[in-house]
Amino acid sequence: MSRRRIGFWYRLAAVICKPPLLVLFKRDWRGMENIPADGGFITAVNHNSYLDPLSYAHYQYNTGRVPRFLAKSGLFRSGFVGVMMRGTGQIPVYRETTDAANAFRAAVTAIEKGECVAFYPEATLTRDPEMWPMQGKTGAARVALLTKAPVIPVAQWGANEAMPPYAKEKKLRLLPRKTLRVQAGPPVDLSAYHGKEPTAEVLREVTETIMAAITAQLADVRGETPPAEPFDPRRALARERRAAREAARAAAATESAHSTRQAQEDEGK
């Protein structure tokens with residue numbers, strides 16, 4: 001897609017969204033030179049706030065290469081939001097259905113037409129306690145291997161300070177004025193995987209390579225050292241469940257011991 005072919009609906013979205021973003025937030029944007037000027041490509045972005053799609057879309061809109069997001073299919077059916085999603089060419093994802101593969105086919109088609117498709121490889125807001133990128137899903141890796149398109153890692157930070165993930169109340173915390181930081185890195189080198197059969201192992205390795213590149217960009221943005229291993233939500237859930245079972249067994253044992261003591265005291269009376 002040419003830098004000039006942004007289209008009516010994206011320009012309308014910009015007219016609506018950019019003024020409040022400009023007023024309410026400061027910006028620290030880096031790495032725009034890494035966004036390809038021509039041809040199809042993938043951006044792989046970390047996700048730590050409900051607000052960060054707006055932050056990232058603002059950043060990339062200003063490069064002249066607008067992104068097409070993969071988004072939940074339900075958003076395409078709801079009033080004005082649905083009209084905007086369809087008009088701006090976003091790609092619906094039909095989760096937990098046989099139509100889920102259609103999103104990847106649509107992404108491949110868009111890239112082959114010279115467009116940008118933006119992936120949030122984590123598929124949801126990070127659950128890492130320190131908000132580093134957690135383990136990713138393999139969708140971006142699958143599309144990258146099919147198209148051999150450049151994969152640009154993008155890190156963002158700051159939207160999470162204005163709207164923290166999983167907060168009890170989804171309210172904007174605008175004061176003091178927050179800075180939306182977005183940084184794009186150079187393309188991830190996936191040449192070693194081109195031509196390989198996309199087995200589960202290969203897709204996992206490619207995903208880990210992409211997530212490591214995103215994490216490296218975020219470490220630069222934050223000026224901090226990331227954890228040695230990405231957060232694994234399934235492993236964390238298993239630990240929580242195991243701890244809950246152990247706590248329940250301990251409580252049951254305590255109750256049993258109390259009942260036994262009570263019975264012995266009653267017999268002694």
Side-chain angles (χ1 to χ4, degrees), residues 34 36 39-48 56 67-73 91-112 115-156 183-220 225-242:
N34 291 312
F41 65 101
I42 294 166
T43 54
V45 193
N46 69 307
H47 195 13
N48 54 29
Y56 162 64
R68 292 184 64 183
F69 291 92
L70 283 80
K72 292 185 294 185
S73 59
I91 301 172
V93 176
Y94 301 91
R95 294 180 177 177
E96 309 301 333
T97 72
T98 55
D99 292 328
N102 286 335
F104 295 133
R105 283 195 286 270
V108 169
T109 300
I111 291 168
E112 289 175 344
E115 300 182 39
C116 165
V117 174
F119 279 85
Y120 285 103
E122 297 161 278
T124 187
L125 293 166
T126 182
R127 293 186 178 274
D128 181 90
E130 300 299 323
M131 283 185 282
W132 290 99
M134 61 182 181
Q135 283 192 345
K137 306 295 185 181
T138 60
R142 189 179 298 275
V143 174
L145 294 183
L146 281 171
T147 61
K148 297 183 176 61
V151 178
I152 309 299
V154 178
Q156 51 186 352
Q183 177 169 308
V188 183
D189 184 6
L190 300 177
S191 58
Y193 299 98
H194 291 165
K196 285 190 175 183
E197 185 72 19
T199 62
E201 181 180 359
V202 167
L203 290 172
R204 176 49 52 194
E205 289 180 7
V206 173
T207 300
E208 290 174 355
T209 300
I210 293 171
M211 295 308 300
I214 298 171
T215 302
Q217 293 301 315
L218 184 58
D220 188 41
T225 301
E229 296 290 334
F231 182 78
D232 184 343
R234 290 176 297 181
R235 188 176 299 172
L237 180 60
R239 284 198 299 266
E240 290 176 5
R241 288 175 174 172
R242 185 164 57 250

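What you find for Gly40 and Ala149 is that their closest heavy atoms are O-CB, 3.8 Å. Here the closest non-hydrogen pair linking Ala110 and Arg68 is CB-NH1, 3.3 Å. Here the closest non-hydrogen pair linking Pro153 and Gln217 is O-CG, 4.2 Å.
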> Could you go step by step and tell me if Cys116 and Ile42 meet the side chain to side chain contact (heavy atoms under 4.5 Å, CB included) rule?
Replying inline: CA-CA 6 Å; Cys116 165; Ile42 294 166; over 6 Å; no
> Can Val117 and Val143 be said to form a side chain to side chain contact (heavy atoms under 4.5 Å, CB included), step by step?
Replying inline: CA-CA 10 Å; Val117 174; Val143 174; over 6 Å; no
>> Evaluate Thr209 against Val188 for side chain to side chain contact (heavy atoms under 4.5 Å, CB included), listing each step before the verdict.
In response: CA-CA 8 Å; Thr209 300; Val188 183; 3.7 Å; yes
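Side-chain atoms of Phe231 and Pro129, non-hydrogen and from C-beta on, do get closer than 4.5 Å to each other. Residues Pro133 and Leu218 are in side-chain contact: their nearest non-hydrogen atoms beyond the backbone lie under 4.5 Å apart. Met134 has its side chain within reach of Thr124: a pair of non-hydrogen atoms, C-beta onward, lies under 4.5 Å apart. Residues Tyr193 and Leu145 have side chains in contact (heavy-atom distance under 4.5 Å, counting atoms from C-beta outward).
Rounded to the nearest 0.5 angstrom, Asn48 CG and Asp128 CG are separated by 10.5 Å. In this structure, the separation between NE2 on His194 and CG on Leu190 is 5.5 Å, given to the nearest 0.5 Å. To the nearest 0.5 Å, atoms CE (Met211) and CZ (Arg204) are separated by 9.5 Å. Of the inter-residue distances, the one linking His47 atom NE2 with Tyr56 atom OH reads 12.5 Å to the nearest 0.5 angstrom. Remark: Glu208 CD to Thr215 OG1 distance equals 11.0 Å, nearest 0.5 Å. Taken to the nearest 0.5 Å, the CZ atom of Arg142 stands 12.5 Å off from the OG1 atom of Thr147.
Between the side chain of Asp232 and the backbone N or O of Gln135 there is no donor-acceptor pair closer than 3.5 Å. Between the Thr126 side chain and the Trp132 main chain, a donor and an acceptor come within less than 3.5 Å of each other. Asn34 places a side-chain N or O within donor-acceptor distance of the main-chain N or O of Ala184, the cut-off being under 3.5 Å. Checking side-chain atoms of Thr138 against main-chain N and O of Ala141 turns up no donor-acceptor pair under 3.5 Å.
Of the candidates Phe119, Tyr120, Phe69, Tyr120 is the only one forming a side chain to side chain contact (heavy atoms under 4.5 Å, CB included) with Val45.
By the side-chain contact (heavy atoms from CB on, under 4.5 Å) test, Ala44 is found to be paired with Pro121, Val151, Ile210, Ile214, residues two or more places apart in sequence or in another chain being considered.
Side-chain polar atoms of Gln183 and Asp220 form a donor-acceptor pair below 3.5 angstrom.
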